[in-house]
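Here's the structure, in structure tokens; my notes come after.
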Amino acid sequence: MSHDDESAPSSHVADQIAGHVADALAAVAALTSMQDLDERGGAIVGKRSALAVMQRSLAGLSPDQRRDVGARLQEARRVVEEAVASRRAELLASARTQRLEADRLELGDVVVQRRPWPLTDGHAGLVSTTQAQLEDVFVAMGYEVADGPQVESDWYNFEALNIPPAHPARGMWDTFYVGLGDPETVVLRTHTSPTQVHLMESAVATGTLPIHAVAPGRCFRRDTPDARHLAVFHQIEGLVVDRGITFADLAGTIETFTRAYFGADIDSRLRPSYFPFTEPSAEFEITCTICRGEGCRTCSHTGWIELGGCGMLDPAVFDSVGIDAEEWSGFAFGFGIDRCAQMKVGLSDMRALIENDVRFLDQFA
Ligand code: DAH
């Protein structure tokens, strides 16, 4: 066999191998996805590939040719396998990028949609709005709106209201004392009733009786907050001092207010009670708006919610401010603004008012 005879099939085989490699590399480059690679990979490097088919035909060759072609085939397969491995790495990386891109959360968009920056203007809270609405109701009934201090002397918060030191009724108000002056002489007011005393004193001083006024404001008690109580809360005090005022005027006023503020489907009732500054005294209650009177956790299963207290001014209070109880009579009432807000919007737990959760607050914008 001549040298040419020996090399002719070899170079033909080499061309054939090179052709298969070129085809395989083109096929590898054309793979577009991992799924594509899984489906067609076998035809490029596996047992069904052109190079594998050639490998199996080596059996018919001479040992020298077999060695030569075998080495070339091995090299060819190495080149193709390398190309497949690097294409696999590329496809994996791009699949990962695509997946991340698809999973991407546009956090910026979410924040911008919900809380535009700069933040939208604030708005009055539910309690402030309720206070303004209550003031409107009483202004419409002919009352003036007054204000009073939140830090009071013991005299305004208690004594002038016929609650002398050590009087058992002091237990009705768990009091925060302020560290000023003699011990336990300055308090954070426990109710708005001391504004009655200020109003009567100044009306006497300026000769401006009669009085028809409401005084809303913040109050403080050493109470543990629960569904119906807060340690810092709001009351609105009402005071009427005029000639010939009777309990019927008080009852009618409470009834008119309840209907005007809560609507005709909410009932109110007065129940005999005791307050040192009124005689007779009453508590007034309305139908619980959470359960519509059925009884629930918020109303302690009574169907009624206590809004506040009221009564005819006790002559002892007139005495402490120098008003002649023979000439003048009057009534007073005081009730919770937060409680009104709670009942108006059907809030089962009052503590939501102080949690500052914007999802709650924004419902009352
Ligand atoms: N100040 C009382 C309280 O907070 C409520 C109250 C009762 C006010 C009777 C009044 C009144 O003006 O006449 O418990």
Side-chain angles (χ1 to χ4, degrees), residues 125-127 129-131 133-134 137 163 167-176 188-193 216-238 250-251 253-311 332-357 360-361 363-364:
L126 178 57
V127 175
T129 308
T130 304
Q131 178 173 320
Q133 290 167 348
L134 295 172
V137 171
I163 317 167
H167 191 287
R170 287 203 176 205
M172 295 166 74
W173 299 275
D174 285 329
T175 308
F176 284 115
L188 294 183
R189 68 177 174 192
T190 58
H191 49 180
T192 42
S193 298
R218 190 169 291 154
C219 303
F220 311 82
R221 282 188 206 172
R222 285 183 59 171
D223 278 341
T224 304
D226 65 23
R228 284 172 310 186
H229 300 90
L230 300 175
V232 178
F233 60 102
H234 302 78
Q235 285 190 338
I236 184 163
E237 192 79 11
L250 169 59
T253 300
I254 298 290
E255 178 71 10
T256 305
F257 155 75
T258 313
R259 293 259 177 268
Y261 185 69
F262 288 105
D265 56 333
I266 295 298
D267 286 328
S268 65
R269 68 178 187 183
L270 292 179
R271 297 209 304 165
S273 185
Y274 169 75
F275 295 99
F277 31 94
T278 42
E279 182 59 35
S281 302
E283 267 165 20
F284 72 96
E285 301 181 329
I286 61 164
T287 319
C288 175
T289 60
I290 310 294
C291 60
R292 300 262 145 199
E294 294 287 312
C296 66
R297 198 176 58 87
T298 307
C299 62
S300 302
H301 305 283
T302 62
W304 294 92
I305 288 280
E306 185 196 331
L307 276 192
C310 58
F333 56 82
F335 55 85
I337 296 176
D338 318 76
R339 198 68 75 75
C340 284
Q342 178 180 27
M343 287 297 113
K344 184 79 169 191
V345 305
L347 192 57
S348 63
D349 197 314
M350 196 188 266
R351 286 169 287 195
L353 294 175
I354 54 171
E355 277 164 0
N356 273 345
D357 185 330
F360 173 77
L361 298 177
Q363 293 176 52
F364 308 103

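- Between the side chain of Asp338 and the backbone N or O of His234, at least one donor-acceptor pair lies under 3.5 Å.
- At a threshold of 4.5 Å between non-hydrogen side-chain atoms, the residues Pro216 and Leu134 do not count as touching.
- Counting heavy atoms from C-beta on, the side chains of Arg292 and Asp265 come closer than 4.5 Å.
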For side-chain contact (heavy atoms from CB on, under 4.5 Å), just list the numbers for Ile163 and Arg170, CA-CA rounded to whole Å, side-chain angles, deciding distance to a tenth of an Å, and then say yes or no.
CA-CA 7 Å; Ile163 317 167; Arg170 287 203 176 205; 3.5 Å; yes
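- In terms of heavy atoms, Ser273 sits closest to Glu283 at OG-OE2, 3.3 Å.
- Using a 4.5 Å cut-off on side-chain heavy atoms (C-beta onward), Phe262 and Leu307 make contact.
- With Gln235 contributing its side chain and Thr192 its backbone, the two residues share a donor-acceptor pair below 3.5 Å.
- Every residue two or more places apart in sequence or in another chain that forms a salt bridge (charged side-chain N to carboxylate O under 4.0 Å, His left out) with Arg269 is listed here: Glu285.
- Pairing each heavy atom of Pro225 with each of Ala231, the nearest pair is CG-N, 4.4 Å.
- Atom-to-atom distance recorded for Leu270:CG and Ser281:OG is 11.5 Å, nearest 0.5 angstrom.
- What you find for Ala341 and Leu126 is that their closest heavy atoms are CB-CG, 4.0 Å.
- Residues that satisfy the salt bridge (charged side-chain N to carboxylate O under 4.0 Å, His left out) test with Arg218, not counting sequence neighbours, are absent from this structure.
- Summarising the geometry of Asp226 relative to Met350, their closest heavy-atom pair is O-CB, 4.4 Å, with the distance given to 0.1 Å.
- Residues Phe233 and Val127 form no side-chain contact, since every pair of their non-hydrogen atoms from C-beta on lies 4.5 Å or further apart.
- Going from atom OG1 of Thr258 over to atom CD1 of Ile286 covers 7.0 Å, rounded to the nearest 0.5 Å.
- Screening residues 298-310 for side-chain hydrogen bond (donor to acceptor under 3.5 Å, both in side chains) gives Arg228-Ser300 as the qualifying pairs, with residues at least two apart or on separate chains.
- Atom CZ of Phe176 and atom CG of Asp223 lie 8.0 Å apart (nearest 0.5 Å).
- Listed by first and then second residue, the ring pair (Phe, Tyr, Trp, His ring centres under 6.0 Å) pairs that reach into residues 271-297 are His191-Phe277, Phe275-Phe277, Phe284-Phe335, sequence neighbours excluded.
- Residue Arg339 holds its CZ atom at 15.5 Å from CD1 of Ile236, rounded to the nearest 0.5 Å.
- The side chain to side chain contact (heavy atoms under 4.5 Å, CB included) test applied to Glu255 returns Arg259, Ser268, not counting sequence neighbours.
- Between the side chain of Glu237 and the backbone N or O of Ser193 there is at least one donor-acceptor pair closer than 3.5 Å.
- When side chains are defined from C-beta on, Met343 counts as touching Ile290, because their heavy atoms get closer than 4.5 Å.
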Using the side-chain contact (heavy atoms from CB on, under 4.5 Å) rule, take Leu347 and Leu353 through it: C-alpha gap first, then chi angles, then the decisive distance, then the call.
CA-CA 9 Å; Leu347 192 57; Leu353 294 175; 4.0 Å; yes
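- The OG1 atom of Thr287 sits 5.0 Å away from atom CD1 of Ile266, with the distance rounded to the nearest 0.5 Å.
- Counting heavy atoms from C-beta outward, Thr278 and Cys310 have side chains that stay 4.5 Å or more apart.
- Between the Arg221 side chain and the Thr190 main chain, a donor and an acceptor come within less than 3.5 Å of each other.
- Residue pairs that meet the side-chain hydrogen bond (donor to acceptor under 3.5 Å, both in side chains) test with at least one member in residues 345-354, sequence neighbours left out, are Asp349-Arg351.
- Thr129 has its side chain out of reach of Phe364: every pair of non-hydrogen atoms, C-beta onward, lies at least 4.5 Å apart.
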